[in-house]
Amino acid sequence: QVHLVESGGGLVQAGGSLRLSCAASGRTFSTYAMGWFRQAPGKEREFVAAIRSGGVRLYADSVKGRFTISRDNAKNTVYLQMNSLKPEDTAVYYCATGLQGPQLSDFVWDDYWGQGTQVTVSS
């Protein structure tokens, strides 16, 4: 069974940085896409970033240029470097794994979710 454990969240002032990590287990992840999603209070979970097995990165427009996703296949770990944080980035962040497709809309994300990690950005 796939198991995902997110860490690295915290409280930071606007303009600050955080680095999230997600340790995955239960399968060989090197052939799967990995991604990050977030959910703010009262809102639906939304896509943040994804990285293909070959390393190509995809981002939501709201984080493009500020966030960087990366992966270490040897460690089955995916990271999210978040810079220039804004109060609207406040949310619980979750990582995900799934099958990649030609376009982001073709990705099929597995229904495995960890406990998430809270990111709070103060103004």
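Computation of the quantities below employed the complete heavy-atom set of this structure, encompassing side-chain atoms and omitting hydrogens, waters and symmetry-equivalent molecules.
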### Residues which pass side chain to side chain contact (heavy atoms under 4.5 Å, CB included) with Val121, listed by chain and number, not counting sequence neighbours
Val12, Ala14, Leu85, Pro87, Asp89, Thr90, Val119

### Query
Apart from Val92 itself, what residues make up its hydrophobic cluster, given side-chain heavy atom links below 4.5 Å?
Phe37, Phe47, Leu58, Tyr94, Leu104, Phe107, Trp109, Trp113

#### Entry: Closest heavy-atom pair and its distance - Ser70, Ile51
CA-CD1, 3.9 Å

### Task
Taking all non-hydrogen atoms of both residues into account, name the closest pair between Gln100 and Arg52 and its distance.
OE1-CA, 3.3 Å

Which pairs would a plain distance check flag for residues 74-81, meaning a side-chain donor or acceptor within less than 3.5 Å of a matching protein atom at least two apart in sequence or in another chain?
from, atom 1, to, atom 2, distance (Å)
Thr77, OG1, Lys75, O, 2.9
Gln81, NE2, Asn83, OD1, 2.9

### Message
Nearest 0.5 angstrom please: Tyr59 OH to Ile69 CD1, how far?
### Response
6.5 Å

## Note on the structure
Contacts of Gln1 meeting side chain to side chain contact (heavy atoms under 4.5 Å, CB included) (sequence neighbours excluded), chain-then-number -> Tyr112

### Query
How many angstroms lie between atom CG of Asp72 and atom OG of Ser30, to the nearest 0.5 angstrom?
11.5 Å

#### Entry: Where Met34 and Ala24 come nearest, the two heavy atoms and their spacing
CE-CB, 4.3 Å

### Message
For Val5, give me all partners under side chain to side chain contact (heavy atoms under 4.5 Å, CB included), at least two apart in sequence or on another chain.
### Response
His3, Gln115

### Task
List in chain and number order the residues that pass side chain to side chain donor-acceptor pair (under 3.5 Å) with Thr120, two or more places apart in sequence or in another chain; answer none if no residue qualifies.
Gln118

### Message
Holding to side chain to side chain donor-acceptor pair (under 3.5 Å), I want the full list of residues that pass it with Thr31, two or more places apart in sequence or in another chain.
### Response
none

### Task
If a pair satisfies disulfide (SG to SG under 2.5 Å) and one of its residues is in residues 22-95, list it, with sequence neighbours excluded.
Cys22-Cys95

#### Entry: Sequence neighbours excluded - side-chain hydrogen bond (donor to acceptor under 3.5 Å, both in side chains) pairs with any residue from residues 40-51
Arg38-Glu46

### salt bridge (Lys or Arg N to Asp or Glu O under 4.0 Å) partners of Asp61, counting only residues at least two apart
Lys64

### Query
Under the side chain to side chain donor-acceptor pair (under 3.5 Å) test, which residues partner Arg71, sequence neighbours left out?
Asn73

### Message
Applying side chain to side chain contact (heavy atoms under 4.5 Å, CB included), can you list everything that pairs with Thr117, at least two apart in sequence or on another chain?
### Response
Glu6, Leu20, Tyr93

### Query
Does Leu99 reach the side chain of Tyr32, with side-chain heavy atoms less than 4.5 Å apart?
yes

### Message
Let me confirm one number: the CZ-OG distance from Phe29 to Ser53, rounded to the nearest 0.5 Å.
### Response
13.5 Å

